[in-house]
K.L.:
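After the structure tokens below, expect a handful of questions from me.
Convention: sequence-line order gives letters A, B, ...; per-chain numbering from 1.
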Amino acid sequence: MIDGFIALYIFMLAAFTGYEVISRVPVILHTPLMSGSNFVHGIVLVGAMVALGNANNLAEQIIGFIGVLLAAGNVVGGYVSTERMLAMFKTSQDKNKGSRA
Amino acid sequence: MNTLLAPLVMDDLIQAAYFIAALLFIIGLKRMSSPKGAKNGIIWAGVGMLIAGLITFLWPGMHNYILILAAIFIGGMLAWWSGRRVPMTAMPQMVALYNGMGGGAAAAIAAQELIRGQALALAPVSLAVVGGIIGAVSFTGSLIAFAKLQGLIKKSLRYRIQQIVNSLVLLITLALGIWIIVLHGAAPMSVVIPFFTLALLFGILVTLPIGGADMPVVISLYNACTGLAVAFEGFVIGNAAMIIAGMVVGAAGTLLTQLMAKAMNRSIANVLFSNFGETVSGSTESVSGSLKPMDAADAGVMMAYANKVIIVPGYGMAVAQAQHKVWELTQLLQNRGVTVKFAIHPVAGRMPGHMNVLLAEAGVPYDLISDLDEINPEFATADAALIIGANDVVNPDARNKPDSPIYGMPILNADKARNVIVIKRGQGRGFSGVENTLFYMDNTRMLYGDGQEAVTRLIQSIKSIE
């Protein structure tokens, strides 16, 4: 469906995009960002779903099932941990707005 | 619904949804790389994931829907349950665990494709094999990294011919992979099964000898690896969203790994193939000067009448669960008109940014927190530097002593402050096993005790001044 050379172009452009997007990240965000990018590669879920959806015998079903199970763990775990970490970042102004004092 | 829409329209709809998902992922990651937009960055990416996941149910010609839903439910619930409960100090190993799962899923897609034994074109079969190896190594490697940080595996396994054994396992795996490629994917089970087994084994073998201090770099590296594996498998099954998202993460993860390794003064090759921390622990050279203890009352007074105090927290503070007390102390000082700043070394905590998360959890606003380059010129104007549970990252030897194992590592120049107060449990050494000359300096005083209890005493001392 995706031609060899078209895919090569996508690979190249996506790689530069990834590099650019991250290049100016402050150190304080490294851990949440690692967790966030961990969530993004959870898109593997989509491929695992298609693989299981096309499984025709028991062996393929077992492997496909494991794939979807792991991928779903990647997606949900990645989201929950990133969201929890990012929810904690507040500035002094946010603090004052939040507290009654 | 499939019958109502012509297959072509259906396909366009699916591709459009994947396109939007890929776009949302990139915007989400972009937002996550600045503190202001970070919080909704994950939401953007989350919406993208939801769109991509839902539209995939409409993929033409699929069956096994119940199995798919069951797997998503079980995997998702387990991850949700664990992700909610885990304490912030354990976050790095949870990231490793979830990342490993993604790698395993990529390897499963490759396995699914290869056990069919059907002939494929050269490009897809090559990428299926390469992605399969990378995904499998990332899977077992991340599980070992998780087990190590969680304390399930305490020792770093090392033996004499380890490098030879590891190389041999890798070579056989690669040879089997090439065999599969030569057969265009129509390989018998007797080749495919050993291929995946050895790839999984290699991930275990290569991660076991790596020490805990280097684990963050390894986790970040596996994160990038999983991204690559996902991109390659995306090509195999013709899924553009997987190619783009996987490749973006692969590149971003590689950069992040380099930044971390640089912050720790380690090269990635060094982390993977040498034994840091074990070889240098034998150094027993003596340091001139003596350790000068101080009690909390004096330390409290010194800080209360200071103009500027810089706090340098380390992982020891998080282990002692002292971060809430430290924030209380900060507020007390602020109310007295003292300027308080936090100086965070890039590898404070267990990975870059981990300490920021731990402080944020305690309620410290991030504008009080400065990184190495911002804060280092400020130590000279600080009346006191308070070191809590940090050691190697403030050791001036890294600047002054070329024969020190940590020489060249960027450090916080806490020694430039007028007074240095070090809260420490006892007289032990840091992760690197190197003696810290900062502790022996004339203007350094030691406040012995557990982090939380020592800070509590400081708070009492300042309160009693009134």
K.L.:
Non-hydrogen atoms of chain A under 4.5 Å away: do they reach the side chain of R85(B), the backbone, both or neither?
P.N.:
backbone
K.L.:
Would you mind telling me which of A105(B), G100(B), A245(B), G135(B) has the largest number of heavy-atom pairs within less than 4.5 Å of chain A?
P.N.:
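Answer, by heavy-atom pair count under 4.5 Å with chain A: A105(B).
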K.L.:
So that I can tick it off, tell me whether E83(A) and R84(B) are bridged by a salt bridge, with the cut-off set at under 4.0 angstrom between side-chain N and carboxylate O.
P.N.:
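A salt bridge is present here (some side-chain N lies under 4.0 Å from a carboxylate O).
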K.L.:
I'd like to know which of N56(A), V40(A), I62(A), L45(A) tops the heavy-atom pair count under 4.5 Å against chain B.
P.N.:
V40(A)
K.L.:
Check each atom of I344(B) against the heavy atoms of chain A and say whether the ones under 4.5 Å are side chain, backbone, both or neither.
P.N.:
neither
K.L.:
V75(A) versus chain B, heavy atoms under 4.5 Å apart: side chain, backbone, both or neither?
P.N.:
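Just its side chain gets close to chain B.
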K.L.:
So which of A252(B), A251(B), A70(B) has the largest heavy-atom pair count under 4.5 angstrom toward chain A?
P.N.:
A252(B)
K.L.:
Set out, in order, the CA-CA distance, both residues' side-chain angles and the distance that settles side chain to side chain contact (heavy atoms under 4.5 Å, CB included) for F57(B) and M49(A), then state yes or no.
P.N.:
CA-CA 8 Å; F57(B) 280 102; M49(A) 284 167 72; 3.5 Å; yes
K.L.:
Among G246(B), A229(B), S220(B), which has the most heavy-atom pairs under 4.5 Å with chain A?
P.N.:
S220(B)
K.L.:
On a heavy-atom basis, which atom in A71(B) and which in A72(A) lie closest, and how many Å separate them?
P.N.:
O-CB, 4.2 Å
K.L.:
Could you check if a side-chain atom of V76(A) sits within less than 4.5 angstrom of a side-chain atom of I72(B), using non-hydrogen atoms only?
P.N.:
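No, too far: nothing below the 4.5 Å cut-off.
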K.L.:
How long is the span from the CD1 atom in I43(A) to the CD1 atom in I244(B), to the nearest 0.5 Å?
P.N.:
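Answer for the CD1-CD1 pair, I43(A) versus I244(B), is 10.0 Å.
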K.L.:
Looking at L256(B), I55(B), D371(B), L358(B), which makes the most heavy-atom pairs under 4.5 Å with chain A?
P.N.:
L256(B)
K.L.:
Chain A heavy atoms under 4.5 Å from P124(B): which part of the residue, side chain, backbone, both or neither?
P.N.:
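For P124(B), no heavy atom lies under 4.5 Å from chain A.
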K.L.:
For the residue pair N54(A) and H63(B), confirm or rule out a side-chain donor-acceptor distance under 3.5 Å.
P.N.:
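Side-chain D/A pair, N54(A) to H63(B): absent.
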K.L.:
Between Q61(A), H41(A), H30(A), which residue shows the highest count of heavy-atom pairs closer than 4.5 Å to chain B?
P.N.:
H41(A)
K.L.:
Looking only at atom types and distance, does a side-chain atom of N239(B) sit under 3.5 Å from a main-chain N or O of V46(A), one as donor and one as acceptor?
P.N.:
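Not at all, since once roles are kept as given, no pair shorter than 3.5 Å links the two residues.
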K.L.:
Given that the side chain runs from C-beta out, which part of V236(B) has a heavy atom under 4.5 Å from chain A: side chain, backbone, both or neither?
P.N.:
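Neither part.
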K.L.:
Measure L259(B) against the heavy atoms of chain A and call it side chain, backbone, both or neither at under 4.5 Å.
P.N.:
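Contact with chain A: side chain only.
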K.L.:
Measure distances from F139(B) to the heavy atoms of chain A and classify the residue's part below 4.5 Å as side chain, backbone, both or neither.
P.N.:
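Contact with chain A: side chain only.
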K.L.:
Is L78(B) close to chain A through its backbone or its side chain, or both, or neither, when contacts mean heavy atoms under 4.5 Å?
P.N.:
neither
K.L.:
S37(A), A59(A), G67(A): which one forms the most heavy-atom pairs within less than 4.5 Å of chain B?
P.N.:
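Among S37(A), A59(A), G67(A), the one with the most close pairs to chain B is S37(A).
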K.L.:
Could you report the tightest heavy-atom contact between A38(B) and L29(A), atom names first, then the distance?
P.N.:
CB-CD2, 4.2 Å
K.L.:
Determine whether M88(A) and M88(B) make a side-chain contact, defined as any pair of heavy atoms from C-beta on separated by less than 4.5 Å.
P.N.:
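Yes. Closest side-chain heavy atoms under 4.5 Å.
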K.L.:
Enter the distance from S35(A):OG to N99(B):CG here, rounded to the nearest 0.5 Å.
P.N.:
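It is 10.0 Å, given to the nearest 0.5 Å.
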K.L.:
Distance check, rounded to the nearest 0.5 Å: M247(B) atom CE versus L13(A) atom CG?
P.N.:
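It comes to 10.5 Å.
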K.L.:
Strictly distance-based, threshold 3.5 Å: is any side-chain N or O of Q112(B) a donor or acceptor partner for the main-chain N or O of A51(A)?
P.N.:
yes
K.L.:
Heavy-atom distance under 4.5 Å to chain A: side chain of E361(B), backbone, both or neither?
P.N.:
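Both the backbone and the side chain of E361(B) come within 4.5 Å of chain A.
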K.L.:
Would you please indicate yes or no on a ring centroid separation below 6.0 angstrom for F11(A) and F232(B)?
P.N.:
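Centroid separation for F232(B) and F11(A): below 6.0 Å.
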K.L.:
Looking at R116(B), M94(B), E233(B), M77(B), which one has more heavy-atom pairs under 4.5 Å with chain A than the rest?
P.N.:
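Of R116(B), M94(B), E233(B), M77(B), R116(B) has the most heavy-atom pairs under 4.5 Å with chain A.
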K.L.:
Output the distance between atom CE (M34(A)) and atom NE2 (H354(B)), rounded to the nearest 0.5 Å.
P.N.:
10.5 Å
K.L.:
For the CG atom on L54(B), are there more than 12 heavy atoms of other groups (residues, nucleotides or ligands in this structure) within a distance under 6.0 Å?
P.N.:
yes
K.L.:
Measure A123(B) against the heavy atoms of chain A and call it side chain, backbone, both or neither at under 4.5 Å.
P.N.:
neither
K.L.:
For the candidates G75(B), G28(B), A21(B), which exhibits the highest count of non-hydrogen atom pairs separated by less than 4.5 Å from chain A?
P.N.:
G75(B)
K.L.:
Against chain A, label I43(B) side chain, backbone, both or neither, depending on which of its atoms sit under 4.5 Å from a heavy atom there.
P.N.:
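Contact with chain A involves both backbone and side-chain atoms of I43(B).
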K.L.:
If we only count heavy atoms from C-beta on, is the M91(B) to S81(A) side-chain gap below 4.5 Å?
P.N.:
yes
K.L.:
Could you check whether any side-chain heavy atom of S23(A) comes within less than 4.5 Å of a side-chain heavy atom of L255(B), counting everything from C-beta outward?
P.N.:
yes
K.L.:
Could you pull out the closest heavy-atom pair between L67(B) and F65(A), with the gap in Å?
P.N.:
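Looking at all heavy atoms of both residues, the shortest contact is O-CE1, 3.5 Å.
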K.L.:
So, N356(B) and T31(A): side-chain donor and acceptor under 3.5 Å apart, yes or no?
P.N.:
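No donor-acceptor contact under 3.5 Å links the two side chains.
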K.L.:
Against chain A, label S34(B) side chain, backbone, both or neither, depending on which of its atoms sit under 4.5 Å from a heavy atom there.
P.N.:
backbone
K.L.:
Atom CD1 of I26(B) and atom CD of E20(A): how far apart are they, to the nearest 0.5 Å?
P.N.:
12.0 Å
K.L.:
State the CZ-CD1 distance between R84(A) and I42(B), to the nearest 0.5 angstrom.
P.N.:
13.5 Å
K.L.:
Of the backbone (N, CA, C, O) and the side chain (C-beta and beyond), which part of Q258(B) lies under 4.5 Å from a heavy atom of chain A, both, or neither?
P.N.:
side chain
K.L.:
What option among L70(A), I63(A), T82(A) has the most heavy-atom pairs under 4.5 Å with chain B?
P.N.:
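Top count of heavy-atom pairs under 4.5 Å with chain B: L70(A).
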K.L.:
Using a 4.5 Å cut-off on heavy atoms from C-beta on, say whether the side chain of V248(B) contacts that of F16(A).
P.N.:
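Not in contact.
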K.L.:
One pair to check against side chain to side chain contact (heavy atoms under 4.5 Å, CB included): V44(A) and T226(B). What are the steps and the verdict?
P.N.:
CA-CA 9 Å; V44(A) 70; T226(B) 303; over 6 Å; no
K.L.:
Does L52(A) offer a backbone N or O that forms a donor-acceptor pair with the side chain of N64(B) under 3.5 Å?
P.N.:
yes
K.L.:
Are V21(A) and M32(B) side-chain neighbours, meaning at least one heavy-atom pair lies under 4.5 Å?
P.N.:
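With C-beta onward as the side chain, the pair stays apart.
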